[in-house]
Amino acid sequence: MADWSGLPEVLLELISSRLSLADLIRFSCVCSSWRSITPPSLHGKLLPWLIVPSITRNRPRKRRIGNICDKNLGIVSLSDPTRKVYELELPEAADRRICGSSAGWLVTVHANSEIQLLHPFTRAQIQLPPLTAFPSRLPVPLHQGKEFAGHLRDYYIHKAIVGFCSSESEAIVMAIRKEDDQLAFCRPGKDLRWTVFEGYLRRSHDVIFYKEQFYTVKGSGRVFMVSGLEDASPQLTLVGHRPTKPSYPSRLYLVESSGDLLMVYRFLDLYLYVDDDDDEDVVVDSDDDGTEPVRLPHRTVNFEVYKLDLGEGNWVEVDNLGDRAVFVGYNDSFSVSASEFPGCRGNCIYFTDDYFEGYNRQKHGALDMGIFDLGDGTVEPLVGRNQIHYFMPPLVWFSTNPWWRGGSDVLTL
């Protein structure tokens, strides 16, 4: 087999100069020598991206229903002030729902029960145990017809992330099962079935890989550390009690920031009625006859942030993130130093719509996206209302994680 990493630098520069942005990103993912040829600015633009699972071409008024991807995805860089959508041909994602974005991979699920890790730029795929390999009270989806199979594709997994087991040097995929919000995990290339944390408390809102361990947060605000994954004997240990401040968020997230473990509370107003001309911050269309107000199922109105003292198991409220920017949604929640990434703002929370119960079957799609300023409590639009229409399926943050070995966004098993 030819050693493509040894091509002359002059030839690599000539090739890279003729590539589109999407192909240039793929070019940089091949190996370290090819990556060194790409412009340094491109490396910064890789973190973070917005993945647009569907691009409606030449039909700007078409209403997009459903949660499955097209064969052409869009990518949006925060470093681009115009928020231009670059097209990325990815037939491997067609007819799949993105249920997670983690460590440089997308976690996708198909109505035929298949689950896989998909790298959007190298197009590498890693098969995971299917939906039928979950222990569940639900019927086997493939035996229940097309409609039921699509229902399980959309509903069964709320979110999935990738982590790394240091003692065994193997990847682990952790998922939140939507039917009971319990955790389940598998080891790619090793497990044929998913293992569910039977007997443990339900209501997991989020899961994160932090300091070589998985952590999960329950709806109560209590945080547990996960252990025993190496021999498929999972255990949960309480490491953080609920905050003393009485708050009742709609969503909770765990985020690493400058080595600290943060818990982010997200508050929604439900069942809002607004008119197009009444609120410039709401990206909506009028009803068909233009006379009725638009019904929005939900809207994010506030965030609260807490930092965990792992020694005491207590939370301290944080009113300023400093230079950090936090990203939450259907992704492995993460933060970056805003000064290192053009287009990012410090002390802000970037959020996409992950409240499936609200936007499912709504004709205006997953509209609850924005940039929340923790300093003054204001929300700015994430993208302009003319760039991406109707936002279905919901947009997803894409990023690599700094803990991934070798700094590469390509997982090797």
Side-chain angles (χ1 to χ4, degrees), residues 100 158-161 163 174-185 196-229 234-270 298-322 324 326-335 347-351 354-358 368 372 374-375 377:
H158 171 63
K159 179 191 285 191
I161 72 166
M174 188 75 69
I176 300 176
R177 188 171 66 170
K178 186 60 180 175
E179 67 170 323
D180 50 14
D181 291 331
Q182 281 191 317
L183 292 178
F185 74 94
V196 175
F197 287 53
E198 300 289 357
Y200 286 100
L201 297 175
R202 301 180 181 183
R203 299 288 296 162
S204 285
H205 271 234
D206 198 17
V207 61
I208 187 176
F209 190 73
Y210 168 72
K211 292 187 176 180
E212 300 193 340
Q213 296 285 347
F214 284 98
Y215 291 79
T216 184
V217 59
K218 303 292 184 178
S220 63
R222 293 185 297 167
V223 173
F224 294 81
M225 183 181 69
V226 182
S227 60
L229 300 180
Q235 298 178 2
L236 297 181
T237 303
L238 179 66
V239 295
H241 302 281
R242 69 184 68 186
T244 55
K245 180 180 178 180
S247 295
Y248 304 96
S250 304
R251 283 283 185 267
L252 295 89
Y253 308 93
L254 294 177
V255 187
E256 184 276 333
S257 178
S258 299
D260 294 322
L261 183 61
L262 304 182
M263 179 167 61
V264 177
Y265 278 11
R266 181 174 178 176
F267 299 88
L268 304 179
D269 266 358
L270 304 179
H298 58 276
R299 183 181 179 188
T300 295
V301 294
N302 193 29
F303 283 90
E304 292 177 1
V305 180
Y306 298 88
K307 182 174 71 173
L308 178 64
D309 181 343
L310 277 172
E312 299 294 331
N314 297 324
W315 295 96
V316 178
E317 188 167 7
V318 176
D319 56 13
N320 194 322
L321 294 170
R324 306 299 293 185
V326 169
F327 296 79
V328 298
Y330 278 124
N331 56 281
D332 184 1
S333 305
F334 63 92
S335 72
N347 200 32
C348 286
I349 299 173
Y350 291 72
F351 61 95
D354 62 353
Y355 189 66
F356 184 84
E357 300 88 336
D368 187 30
F372 180 84
L374 194 61

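Excluded from the calculations below are hydrogen atoms, water molecules and symmetry mates; all remaining heavy atoms, backbone and side chain alike, are included.
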Give the C-alpha distance, both sets of side-chain angles, the deciding distance and a yes or no for side-chain hydrogen bond (donor to acceptor under 3.5 Å, both in side chains) between T300 and D368. CA-CA 7 Å; T300 295; D368 187 30; 2.6 Å; yes
Output, in order, the C-alpha distance, side-chain angles, deciding distance and verdict of side-chain contact (heavy atoms from CB on, under 4.5 Å) for F372 and L374. CA-CA 6 Å; F372 180 84; L374 194 61; 3.8 Å; yes
Please report the C-alpha distance between E304 and E317 in whole Å, then the side-chain angles of each, then the deciding distance to 0.1 Å, and finally whether the side-chain contact (heavy atoms from CB on, under 4.5 Å) criterion is met. CA-CA 8 Å; E304 292 177 1; E317 188 167 7; 4.2 Å; yes
Please lay out, stage by stage, how L261 and I208 fare under the test side-chain contact (heavy atoms from CB on, under 4.5 Å). CA-CA 10 Å; L261 183 61; I208 187 176; 4.2 Å; yes
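Considering every non-hydrogen atom in both M174 and V207, the closest pair reads CG-CG2, 3.8 Å. The two residues S204 and I176 come nearest to each other via the heavy atoms O-CG2, 3.6 Å. Closest approach of V328 to S333, counting heavy atoms only: CG1-OG, 4.0 Å. Nearest heavy atoms, H205 versus R251: ND1-CA, 3.9 Å.
How far CG of D332 is from CD of E256: 10.5 Å, rounded to the nearest 0.5 Å. Here the straight-line distance linking atom NE2 of H298 with atom CG of D269 works out to 11.0 Å at 0.5 Å rounding. Atom OG of residue S335 and atom CG of residue L262 lie 7.0 Å apart, to the nearest 0.5 angstrom. Interatomic distance, K211 NZ to L310 CG, rounded to the nearest 0.5 Å: 6.5 Å. Distance check: F327 CZ to C348 SG gives 9.5 Å after rounding to the nearest 0.5 Å. K307 NZ to M263 CE: the interatomic distance, rounded to the nearest 0.5 Å, is 14.0 Å.
Here Y306 and Y265 bring their ring centres to under 6.0 angstrom of each other.
The backbone N or O of A184 sits nowhere less than 3.5 Å from a side-chain atom of Q182 that would complete a donor-acceptor pair. Judged by distance alone, the side chain of K159 and the main-chain N or O of G329 form a donor-acceptor pair under 3.5 Å. No donor-acceptor pair closer than 3.5 Å links the side chain of D309 to the backbone N or O of N314. At least one donor-acceptor pair under 3.5 Å links the side chain of W315 to the backbone N or O of H241. Using a distance-only test at 3.5 Å, with no hydrogens or angles considered, a donor-acceptor pair links the side chain of T216 to the main chain of D206.
Checked against V318 for a side-chain contact (heavy atoms from CB on, under 4.5 Å), the options D260, V264, N347, V305 give a single hit: V305. A side-chain contact (heavy atoms from CB on, under 4.5 Å) with F214 is found for exactly one of L254, L183, I161, L236, namely I161. For the ring-ring contact (aromatic ring centres under 6.0 Å, His included) with F303, the qualifying choice from Y350, F351, F267 is F351, the only one to do so.
Ionic pairing of D354 and R266 is present here: one or more N-O contacts between side-chain nitrogen and carboxylate oxygen are shorter than 4.0 angstrom.
Side-chain contact between Y215 and F209 is absent, with no heavy atoms from C-beta onward closer than 4.5 Å.
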